[in-house]
Amino acid sequence: MKKIFLFLSVVSVGFSATEAQELRLTSDNINKVIKAMTLEEKVAIIVGKGSGAFDGRGRSYDYVAGSAGATNPIDRLGIPPIVYADGPSGLRIDNKQCTRFPNGLLNAASWNSDMLERMGEAYGNEAKARGVDVVLGPGMNIQRNPLCGRNFEYFSEDPLLSGLTAAALVRGIQKAGVGACPKHFAANNQELNRLSNDSRVSKRALREIYLRNFEYMVRNSEPWFIMSSYNFLNGVTTSENRDLLTTILREEWGYNGAIVSDWGGGYSGSKMVRAGNDNIQHGSKGRYNDIIDRVKDGTLSIDDVDACVRRMLTVATKAIRYEGGTFSDNPPLDANAAVVREVAPEGFVLLKNDGGILPLKQGSALALLGTTSYDFIHGGTGSGFIHNPYRSVCMPEGLTDAGFTLDKGLHDFYTDYMKGERKRCEDINKDVPWCCERERAMEAVPRDLIAKAAKADKAAVITFGRVFGEGMDRDYYHSYLLTDGEMALLRAVAEAFHREGKPLVVVLNVGGIVDVASWRDLADAILICWQPGEEGGHSVGDVLVGSQCPSGRLPVSMPMRYEDEPSFANFPRLKADKYENYSFYRYVGATPQYLVPNVDYTNYEEGIYVGYRHYLTKDVKVAYPFGYGLSYTTFDYKDLKVKDKGDKLEVSLTVTNSGKRPGKEVVQIYCHAPEGGLDKPVRELKGYAKTQLLKPGKQEKLTVTIDKTTLASYDEQASAWVAPKGTYTIMAARDANTPVLTASYSLSKAVKVKTHDVMGVEPLYIK
Ligand code: BGC
């Protein structure tokens, strides 16, 4: 009976059974294979295997346990499954040991594309060895507000830094022969009600900020996939928006890869296909039937279905299981751990180092304080979590290996104290949803031990930690500010150590920025190590002892007060229970509602003035500017030159290590546009470069190429990118607030690049 059905459906598309049976997918016969497919088979390629919609077997785990999903294989045509696994900083799969790479913020803070490409390749090789075809990352949404729960996965407030960081990782991952899937396209900037919040964004802010990061990524790499996001964007869910996925992404930017929905995203299968969302994960019977029914009633063209299938089959020919391919299941975990250790200090940001107290002398006795020093945070949560990390080097191990001796009294105290706290946290955490923030140990203030340590030891090191993630944005009081317990510890240690004339170092082991302005005077040095991956303790030890020089620069601004944030009034301020998943809070399904601001809908009223674009232009003082970071050495800049190279500008300068230790410098190229025309930020990042490790006295010439179109701003009236002719000031800067050298460039002919007039927003909800 089954065979007869197959025969009939094959005949109905014009092939004999024998021909179809012999037909096997290759990269040269994709159209022929499509012709041979039944409608049901085509839709099976579009709707994920995990839904069971095609064959009733909803087992995406068949291939790799704990993977996020897979596509349906069609054996008779030699079409293999494509297996997806999270996530942005390593594989989130079950039962297998996996490398925990540094988080997204650290990657962006490195400003080092070559190194990120190498790390991406290590990650890609590991995915391939584990039988994963596509890694669901990097996450690259703009850090619009510091309280977004997934900022640890994301890169920056700046679209260029976000886009180039993502592109480097994509290129690296794909060198290994597996696919990357940058996510979540687009304007997915809050976790609260992430499935049905409508991001209301002006056309200009979209083009210049929230799409621009993806545009830079697409123009500098060729990902196999891009993931559409859950949220609505100007009234339409992104996975159903043809203007976004086809007109802009494919037609304007030339993207040739496939698009997969976020898991459970979108509502109507047929609208998703029509928009160009090729794969619906994990899919559902409803979406599967909707596509079939709409083709049958003529409201969805089979050409749109075939276009999705064609893109998916193009990927399928590169899949590991194509033609029975196998995998080693034996990734080089030790080599990857070495990569993690090499990369991490490149993204560590040294905010403060009064009197050059860092690096600390090897062999020094240290008072190691703070519960996070004894419960280090290597990575984030949710789909960015690694279930079975290969290594987890803690701070006591890392600092001891770096040659420090740790105060025994404090070490014993914390070892004992943490036993009780771990138990308390475990009891709470067993009921916390998989994606949310976990309860962590409360701070203790062991005053007697602190007083003894201040006399006996050379310095104090306190680590404060923050972990948060998917499904919940951060709470201002307990996550952004230091807690009362943390402040009490900080004050007690600062007082005791400073009384003895000894320094206090604060290490911030965080997935996003915290307030520093209110307490930084208490610390002599502040180092952000973000969530640096599995070698974390070693990496911090390497930097504190000075065998590695921190060379990260802030990928986000650090404001004086959260209230100064340009999106302050237009970001959720829910005082939520931190253990709940708020992804579905006020979830309404296919039609957004407009009752509660920042929950049902969010107005991006700050427009293009995100991060430093706001602080600089509106002259608002920050604690530390975008791009900021100290080094253990100093650098001089000279010979800034700007050459016209047709469509591009070539900016060059020479950087000399003028200090006493080896180090790497990040040079940031900003541009100030001529007056007149559109309102513009006072300066914007247009390029950057990082030196090699320079020994004292050594110099390096850096060259940064800038496409002239990146000088342009988006003119909504003209639906075009425009850069007026005139004199542009090009700055080589240490950070957004500190230009060192400037040069002029005269653009003799205006740039105008026309776009489609799409993605508008109703004026009702936005200024
Ligand atoms: C997340 C994605 C993730 C997917 C698969 C979703 O909830 O938003 O980032 O890749 O799940 O696990």
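Both counts, for ligands and for their atoms, begin at 1 and track the order of listing.
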Applying side chain to side chain donor-acceptor pair (under 3.5 Å), can you list everything that pairs with Arg321, at least two apart in sequence or on another chain? none
Any non-hydrogen side-chain atom of Trp253 less than 4.5 Å from a side-chain atom of Ile248? yes
Taking NZ, NE, NH1 and NH2 as the nitrogens, is one of them in Arg207 or Glu252 under 4.0 Å from a carboxylate oxygen of the other? yes
Can you tell me which residues line ligand 1 if we count any heavy atom under 4.0 angstrom from one of its atoms, in chain and number order? Ala68, Asp86, Arg92, Leu136, Arg150, Lys183, His184, Arg194, Met227, Tyr230, Asp262, Trp263, Ser383, Glu470
Over 60° means perpendicular and under 30° means parallel, so tell me whether Trp263 and Tyr84 are parallel, tilted or perpendicular. perpendicular
Electrostatic pair Asp329-Arg130, nearest N-O below 4.0 angstrom: yes
Do Arg144 and Tyr604 meet the cation-pi criteria used here (NZ or CZ under 6.0 Å from the six-membered ring centre, within 45° of the axis)? yes
